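Predicted, not measured: the structure shown is a model, and the values here were computed from it. Just so you know, ligand 1 is whichever comes first in the structure, and atom 1 is the first atom listed for that ligand.
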Amino acid sequence: MRHRIAVIGGGPAGLTFARVLHRHDHPVTVLERDPARDARPPGGTLDLHEELGQLALGKAGLLAEFQALSRPEGQAMRILDTDGTVLRDWQPRPDDRANPEIDRGQLRDLLLGPLDVRWGRGVTEVVPGTRDGVLVRFADGRQATFDLVVGADGAWSRVRPAVSPATPHYTGITLVETSLDDVDTRHPDLARLIGDGSMAVFGVNRNLVAQRNSGGHVKVYAQFRAPLDWHTNLDRHMGLNQRAGLDLADVEAVRSSLLALFDGWAAPVLDLLRHGTAFVHRPLYVLPVSHTWAHVPGVTLLGDAAHLMPPLGVGANLAMLEGAELAESVTAAPGPGDLDEAVRAFEQQMWARAGRWAKITMAGLERLVSPDPTEALALFDEVQPS
Ligand SMILES: Cc1cc2nc3c(=O)[nH]c(=O)nc-3n(C[C@H](O)[C@H](O)[C@H](O)COP(=O)(O)OP(=O)(O)OC[C@H]3O[C@@H](n4cnc5c(N)ncnc54)[C@H](O)[C@@H]3O)c2cc1C
């Protein structure tokens with residue numbers, strides 16, 4: 001039976017869901033708020049795990065294309081002390097395909113393929129249980145109804161309120177992101193420092209991570225413990241001897257505050273901030289660990305909308321696997337009653353797995369941005385292959 005299915009959001013969760021439905025010849029309406037495919041920068045690099053994101057790509061029939069695009073060498077990981085001493089330098093084996101990296105933009109294009117996304121369709125509200133099904137209202141005043149509405153619309157989901165009152169809360173840790181272009185030609189010393197994959201330096205309650213993307217692009221993440229309004233008074237909140245508020249849109253002011261925050265760290269490490277082109281402020285929010293809800297017929301959630309957790313390398317992976325699994329369950333459901341049973345069973349499976357990962361990533365975040373920097377090193381020693 002052909003169910004009327006809409007997925008709200010064209011991120012990793014929504015596109016994987018739609019792509020697997022497409023592979024099974026089941027129609028799906030993909031509704032995305034962004035006005036066009038390239039309306040905003042797609043973001044950094046993602047490592048896709050064999051047992052999560054890669055499994056999902058296999059279900060979408062896209063594993064071979066992923067393997068051709070991805071960067072196994074990106075699994076390399078180097079940890080430096082704040083004085084620049086190399087503490088660890090893990091290199092992947094030549095045949096290691098456990099967690100290769102792919103640029104988010106490349107992954108999005110791979111998943112988009114033949115999908116017919118309705119761009120510029122921001123959803124404002126989802127109302128389950130109307131006579132004709134689940135009602136979806138759009139920002140432009142239009143509306144439509146479906147048998148199943150899947151909320152894959154990320155951290156600040158507009159679908160979530162239809163099933164759960166939960167909202168994300170601040171973790172107490174903020175991330176400021178910057179980037180470097182053409183690193184191999186413009187900053188060869190930094191290119192050598194970063195290596196083929198990622199490089200991280202851990203200090204007291206703060207860290208700096210640099211990650212190589214394709215084409216010589218590098219993303220740099222400065223993470224630190226701070227109140228949400230840390231930028232309003234750097235003296236009181238960060239001990240930086242700067243009373244005036246920081247304008248987060250002022251690139252040079254943010255750069256100089258970050259350099260003050262990481263003062264005393266090795267000069268080559270601080271060059272990552274000195275050469276960064278723009279700074280994006282990302283306070284880290286999470287949903288409660290083990291977030292679940294009483295099942296609502298016709299509506300469900302995937303990915304960050306269901307279980308926003310700290311960015312420790314699994315959010316997109318889980319989002320994609322959930323998308324693939326829900327699509328497979330839905331195509332195997334012959335009638336309307338079966339559709340609801342399939343969604344219920346999917347939710348149980350998603351909650352159990354996501355709950356385990358939410359605990360792991362919350363504990364991991366505490367150790368990566370810790371008063372004791374040796375905690376971060378110990379965490380890497382536990383998870384990196386010896
Ligand atoms: C700095 C950083 C690094 C990360 N690194 C990794 C990593 O290496 N590996 C990993 O697995 N995860 C990583 N993550 C986590 C990962 O980014 C997320 O878990 C993942 O993007 C979730 O996918 P999603 O499809 O659920 O949501 P999103 O990627 O947020 O996609 C949601 C989509 O919905 C659209 N949308 C939003 N609201 C509406 C609306 N009202 N109507 C219509 N459309 C809407 C948005 O425009 C967007 O396209 C990282 C996160 C951060 C912040």
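Under a 4.0 Å N-O distance rule, the pair R212/D184 qualifies as a salt bridge. A salt bridge between R71 and D47 is absent, with no side-chain N of the basic residue lying under 4.0 Å from a carboxylate O of the acidic one. Look at R88 and D381 and you find a salt bridge, because one of the NZ, NE, NH1 or NH2 atoms lies within 4.0 Å of a carboxylate O, short of that distance.
The salt bridge (Lys or Arg N to Asp or Glu O under 4.0 Å) contacts involving residues 300-324 comprise nothing, where partners must be two or more places apart or lie in separate chains.
How far CZ of F279 is from CD of E177: 11.0 Å, rounded to the nearest 0.5 Å.
Ordered by chain and residue number, the residues placing a heavy atom less than 4.0 Å from ligand 1 are I8, G9, G10, G11, P12, A13, L31, E32, R33, D34, R40, T45, L46, D47, R104, R121, G122, V123, A152, D153, G154, R158, Y221, G303, D304, P311, G313, V314, G315, A316, N317, A319.
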| task | Apply salt bridge (charged side-chain N to carboxylate O under 4.0 Å, His left out) to the pair E328 and K59, showing each step before the final yes or no. | result | CA-CA 8 Å; E328 285 188 341; K59 291 175 184 293; 3.1 Å; yes
